[in-house]
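Here's the structure, in structure tokens; my notes come after.
Positions are given from 1 along the sequence.
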Amino acid sequence: MFKNTLISAVVALTSLVSLATNAEIKRIDNVAVVVNDNVILEGEIKAIINDVRAKAALANQSLPSDKALRAQAIDKLVLSSIQLQMADRMGIQISDAHLDSVLQSIAERNNASVDEYRKGLESQGQNFERYREQLREDIAINEVVRANVRRRVNISEQEVVSLVKVIEQQTSKEEYQIGHILIAVDSGATQTEIQTRRDVANKVLDLLNDGGDFKQVAIASSSGAKALEGGDWGYMSINEMPSLFSENVKGQPKDSLVGPLRSGAGFHVIKVLDVRGRETVEVKEVKARHILLEPSIILSEEKAKSMLSGFVKDVKAGEADFAELAKAHSEDPGSALKGGELGWANPDIYAPKFKEMLAQLDVGEYSSPFRTQFGWHVVQLTEVRKADTTEQSKKDRAYQIIFKRKFNEEQESWLREIREQAYIEVVTG
């Protein structure tokens with residue numbers, strides 16, 4: 001009898017401890033938002049807000065209210081959650097080796113070793129492990145965006161030819177640094193709802209005309225992908241902008257405000273943050289061919305690297321043909337059917353590690369296997385030349401300009417669509 005009573009007391013005490021522990025866990029990291037089959041925790045929201053505050057403090061930048069910051073943080077995390085769930089369904093996994101390669105490239109671009117770069121981040125109050133895992137998620141999201149948005153971009157030969165003619169007629173080399181605020185409108189919005197959002201856009205414009213800080217207003221009110229970066233799209237030429245923007249920005253001086261401009265996504269307010277003339281420099285172009293292997297559950301990192309080493313060895317020994325190996329094995333759909341040929345290009349367009357390897361090669365030389373964010377490569381530098389003015393070169397440039405513009409437009413539409421299709425429930429806040 002005593003034994004049973006003791007057991008009951010222990011069970012009761014354990015239950016109380018368990019309840020107290022669970023209550024403490026919930027208090028520390030409550031579920032804030034449900035997104036499809038995933039959840040966003042309160043701690044994740046606070047972490048983003050703290051990062052934004054830290055960066056703003058370093059830049060001596062004022063910020064909007066805590067409520068506005070929270071809304072933007074939730075919006076960013078919701079989109080990230082949707083895209084990471086898509087990455088899982090697509091089988092996209094970023095291995096430690098891949099992540100280490102990207103970290104190495106980032107550190108090199110900052111003229112530091114990975115250890116020096118880590119210490120620099122930690123000196124700014126950032127947790128390096130959290131930064132590393134966030135980078136892993138960012139790479140996965142970039143893969144999802146690239147795979148889903150790229151196939152929505154269609155470019156006709158006539159568009160390329162028309163832009164070549166425009167470029168030939170242009171004498172201006174100006175680039176505009178664009179600040180962007182999007183007041184989003186749902187695709188199924190009523191006329192009343194559309195007018196309400198138009199009124200919000202007009203109020204935003206009035207606030208900016210009265211001297212409001214653009215970056216602060218963007219963080220507080222924009223639904224654009226760059227909202228938490230203060231809406232800054234960076235520098236681009238007129239031809240690289242969405243056509244809606246270029247028609248209204250062209251010729252505008254620094255600090256000009258444009259809008260609200262209506263598109264399918266909503267109402268846009270644009271600020272010309274800066275204007276600069278593009279420098280004309282002679283560009284060295286390279287012609288190369290490569291083989292890409294993407295590690296997977298079936299193909300390990302070491303196996304991919306070993307296979308590529310074997311390919312190069314066989315080619316050098318005259319026992320295999322590089323082009324045939326590329327056609328049979330390369331997982332770069334754009335070049336595989338061409339025997340791995342990448343054509344003439346400015347090396348700046350390539351991933352940093354890829355560009356670095358090309359710079360180390362003599363014409364005709366093969367690289368050893370190396371890792372980029374896309375997988376394992378071997379590359380051969382086949383020719384080098386100064387930038388030419390042939391018709392094909394002009395077409396290549398025009399194609400890239402149109403692709404960048406359309407990609408930006410389609411990305412905004414795609415993000416809006418996947419958000420509208422998702423189940424989102426805000427639990428707290």
Can you tell me if Ser123 uses its side chain to pair, donor with acceptor, with the backbone of Gly120 under 3.5 Å?
-> yes
With a cut-off of 6.0 Å (strictly less than), are more than 12 heavy atoms of other residues, nucleotides or ligands near CD of Glu425?
-> yes
Pair Gln104, Glu108: side-chain N/O donor-acceptor within cut-off below 3.5 Å = yes
Where is the tightest heavy-atom contact between Val144 and Ile92, given as atom of each residue plus distance?
-> CG2-CD1, 3.8 Å
Do Glu175 and Met236 have side chains that get closer than 4.5 Å, going by heavy atoms?
-> no
Are Tyr423 and Asp37 close enough that a side-chain donor and a side-chain acceptor fall under 3.5 Å?
-> no
Hey, which of Val153, Asn148, Leu415 is the one that makes side chain to side chain contact (heavy atoms under 4.5 Å, CB included) with Glu410?
-> Val153
Under the 3.5 angstrom rule, does the side chain of Ser330 hit a backbone N or O of Leu292 as a donor-acceptor pair?
-> yes
Salt bridge (charged side-chain N to carboxylate O under 4.0 Å, His left out) between Glu229 and Lys226, intermediate numbers included | CA-CA 5 Å; Glu229 289 78 33; Lys226 297 287 187 180; 5.2 Å; no
Modelled atom types, side-chain donor and acceptor of His268 and Ser263, under 3.5 Å | yes
Please check if any side-chain donor atom of Thr372 sits under 3.5 Å from a side-chain acceptor atom of His377, or the reverse.
-> yes
Please tell me if the side chains of Leu63 and Arg53 come closer than 4.5 Å, counting only heavy atoms from C-beta onward.
-> yes
I would like to know whether Met241 and Val249 meet side chain to side chain contact (heavy atoms under 4.5 Å, CB included); could you show each step before the answer?
-> CA-CA 9 Å; Met241 297 178 197; Val249 167; 3.9 Å; yes
Do the side-chain N and O atoms of Gln134 and Asp138 include a donor-acceptor pair separated by under 3.5 angstrom?
-> yes
Does the pair Glu409 and Arg152 meet the rule for a salt bridge (charged side-chain N to carboxylate O under 4.0 Å, His left out), with working shown?
-> CA-CA 10 Å; Glu409 293 172 343; Arg152 295 165 61 116; over 6 Å; no
Would you confirm whether Asp186, through its side chain, and Ala189, through its main-chain N or O, come within 3.5 Å as a donor-acceptor pair?
-> no
Quick one: does Tyr117's side chain get under 4.5 Å of Asn111's, heavy atoms only?
-> no
Test side chain to side chain contact (heavy atoms under 4.5 Å, CB included) on Leu103 and Phe128 and set out the steps.
-> CA-CA 11 Å; Leu103 271 170; Phe128 183 71; 4.2 Å; yes
Please say whether the positively charged group of Arg198, taken as NZ for Lys or CZ for Arg, lies over the ring of Phe267, i.e. under 6.0 angstrom from the six-membered ring centre and within 45 degrees of the axis.
-> no
Correct closest heavy-atom pair for Ala336 and Ala326 would be CB-O, 3.8 Å
CD1 of Ile106: more than 12 outside heavy atoms within 6.0 angstrom?
-> yes
Assess whether side chain to side chain contact (heavy atoms under 4.5 Å, CB included) is satisfied between Arg371 and Lys353, documenting all intermediate values.
-> CA-CA 8 Å; Arg371 187 71 156 87; Lys353 188 65 177 180; over 6 Å; no
Given the rule in the salt bridge (charged side-chain N to carboxylate O under 4.0 Å, His left out) test, do Glu116 and Lys119 qualify, once you have shown the distances and angles that lead to the verdict?
-> CA-CA 5 Å; Glu116 289 169 339; Lys119 289 177 180 177; over 6 Å; no
Dump the intermediate steps for salt bridge (charged side-chain N to carboxylate O under 4.0 Å, His left out) on Lys203 and Asp206, then the final yes or no.
-> CA-CA 5 Å; Lys203 288 178 181 177; Asp206 290 341; over 6 Å; no
Would you say Trp414 and Val145 make side-chain contact, with heavy atoms under 4.5 Å?
-> yes
Glu417 and Ser413: side chain to side chain donor-acceptor pair (under 3.5 Å), yes or no, with the steps?
-> CA-CA 6 Å; Glu417 288 170 15; Ser413 299; 5.4 Å; no
How many angstroms lie between atom NE2 of His98 and atom CG of Leu135, to the nearest 0.5 angstrom?
-> 9.0 Å
With side chains defined as the heavy atoms from C-beta onward, is the minimum distance between Val378 and Tyr366 less than 4.5 Å?
-> no
Approximate separation, where rounding is to 0.5 Å, of Glu301 CD and Trp376 CH2 | 6.5 Å
Do Glu383 and Trp344 touch side chain to side chain, with heavy atoms closer than 4.5 Å?
-> yes
For the pair Ser309 (side chain) and Lys305 (backbone), establish whether a donor and an acceptor sit closer than 3.5 Å, ignoring hydrogens and angles.
-> yes
Between NZ on residue Lys271 and NZ on residue Lys215, distance to nearest 0.5 Å | 10.0 Å
Please examine the side chains of Leu208 and Ile181, heavy atoms only from C-beta on, and report whether any two atoms are closer than 4.5 Å.
-> yes
is_close_aromatic(Trp233, Phe245), centroid dist under 6.0 Å = yes
Is the backbone of Leu41 close enough, under 3.5 Å, to the side chain of Glu44 for a donor and an acceptor to pair up by distance?
-> yes
Under a 4.5 Å cut-off applied to non-hydrogen side-chain atoms, are Leu308 and Ile291 in contact?
-> yes
Is it true that the side chains of Gln177 and Asp232 contain a donor and an acceptor less than 3.5 Å apart?
-> yes
Within 6.0 Å of CZ in Arg150, more than 12 heavy atoms from elsewhere | no
Without hydrogens or angle criteria, can the side chains of Asp332 and Ser335 be said to hold a donor-acceptor pair below 3.5 Å?
-> yes
Gap between atom CD of Gln195 and atom CG of Asp199 - 0.5 Å precision | 4.5 Å
With distance as the sole test, does Arg197 use its side chain to make a donor-acceptor pair with the main-chain N or O of Ala184 at under 3.5 Å?
-> yes
Shortest non-hydrogen contact between Ala32 and Arg70, atoms and distance | CB-NH2, 4.3 Å
Which pair of heavy atoms, one from Leu228 and one from Gln72, lies closest together, and at what distance?
-> CD2-CB, 3.7 Å
Please determine if Arg118 and Glu122 form a salt bridge, counting it only when a charged side-chain N lies under 4.0 Å from a carboxylate O.
-> yes
Count the heavy atoms of every other residue, nucleotide or ligand shown that sit under 6.0 Å from NZ of Lys406, and state whether that count exceeds 12.
-> yes
Please state whether the rings of Phe354 and His290 are parallel, tilted or perpendicular, taking 30° and 60° as the class boundaries.
-> perpendicular
Quick one: does Asn346's side chain have a donor or acceptor within less than 3.5 Å of a partner on Asp348's backbone?
-> yes
Approximate separation, where rounding is to 0.5 Å, of Leu121 CG and Asn110 CG = 8.5 Å
Is there a donor in the side chain of Gln158 and an acceptor in the side chain of Ser162, or the other way round, less than 3.5 Å apart?
-> yes
Could you verify whether a donor N or O on one side chain and an acceptor N or O on the other, from Glu302 and Ser306, lie under 3.5 Å apart?
-> no
In this structure, CD of Glu159 is separated from CG of Asn154 (nearest 0.5 Å) by 9.0 Å
Is the side chain of Glu193 donor-acceptor paired with the backbone N or O of Thr190 at a distance under 3.5 Å, no angle test?
-> yes
Walk me through it: do Glu285 and Val384 pass the test side chain to side chain contact (heavy atoms under 4.5 Å, CB included)?
-> CA-CA 6 Å; Glu285 292 184 327; Val384 176; over 6 Å; no
